[in-house]
Every structure is written in structure tokens, then in C-alpha cells.
Amino acid sequence: MRSSAAIRDVPPPTGGEAAASLWLRPARCLDGDGTRLAEGTALLVAGGRIAACGAVPAGEAVLDLPGLTLLPGFIDLHDYLSVDPDRPD
């Protein structure tokens with residue numbers, strides 16, 4: 001099984017439009033509506049946001065993520081915002 005560290009190790013695209021957008025093609029994608037895992041779909045990330053979902057147009061930059069499941073929009077809510085490091089208790 002590949003770890004998320006492998007994704008972080010992929011160098012970003014360089015120059016022009018390639019640096020602004022990238023298609024991610026995982027093995028599976030859970031879109032968050034709770035109905036099913038979608039297989040064979042891709043997500044376009046542009047300007048740091050999810051811009052589209054579907055088939056990758058010819059000639060577009062693609063990062064294949066075989067064996068991985070993508071969870072777009074998943075937010076880690078496990079946080080300690082109320083912890084004050086300066087309080088002794």
C-alpha cells in the first residue's frame with residue numbers, strides 16, 4: 001500500500017498552465033454523498049481548489065494515483081484549538 005508521503009514527494013509541475021492545474025486520477029474516489037465509491041474518475045485541481053470531476057481531456061497534466069482512494073473535501077476536524085500551551089493545567 002502506498003502512503004500519502006508518496007504523493008507529497010511528487011514534484012509540482014513547472015511553468016504556465018501546468019503549474020496552475022493538475023488532474024488527479026486515483027483508483028477510487030469517494031465524493032462524500034455516501035452512495036458509493038466511484039472508480040475510473042478524475043478530479044481537476046486548479047488554483048488550489050477542486051474545479052471539475054470526470055474524464056481527463058487529452059493533453060492535460062495527470063497525476064496517476066494507482067491503488068489510492070481520494071476523499072475530496074474531507075476535513076480533519078480532530079483539532080485542539082482550545083488548548084492553550086501557556087496554561088499549566
Side-chain angles (χ1 to χ4, degrees):
M1 176 184 290
R2 290 178 60 188
S3 71
S4 58
I7 296 170
R8 285 193 300 268
D9 294 339
V10 173
T14 57
E17 283 297 309
S21 64
L22 176 68
W23 282 91
L24 302 176
R25 187 168 35 210
R28 293 163 302 282
C29 184
L30 180 62
D31 65 8
D33 69 2
T35 57
R36 65 183 175 86
L37 281 172
E39 295 185 12
T41 190
L43 268 86
L44 173 63
V45 178
R49 298 183 180 265
I50 297 170
C53 181
V56 179
E60 294 287 323
V62 180
L63 176 59
D64 282 312
L65 305 170
L68 297 181
T69 300
L70 192 62
L71 306 168
F74 183 79
I75 300 171
D76 181 7
L77 295 178
H78 185 132
D79 204 339
Y80 295 95
L81 295 176
S82 64
V83 174
D84 183 354
D86 296 326
R87 279 185 65 176
D89 59 342

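Numbers here are sequence positions counted from 1.
When the side chains of ILVMFWY residues are joined at heavy-atom separations under 4.5 Å, either directly or via intervening members, V45 and V62 end up in two distinct hydrophobic clusters. In the hydrophobic cluster analysis, where Ile, Leu, Val, Met, Phe, Trp and Tyr join through side-chain heavy atoms closer than 4.5 angstrom, L68 is grouped together with L63.
Between the side chain of R28 and the main chain of G67, a donor-acceptor pair closer than 3.5 Å is present.
Taking OG1 of T41 as the reference point, atom CG of L24 lies at 11.0 Å (rounded to 0.5 Å). Here the straight-line distance linking atom CG of L37 with atom CG of L70 works out to 11.0 Å at 0.5 Å rounding. Separating the CH2 atom in W23 from the CG atom in L43 is a distance of 7.5 Å, to the nearest 0.5 Å. Distance CD/E39 to OG1/T69: 8.5 Å, rounded to 0.5 Å.
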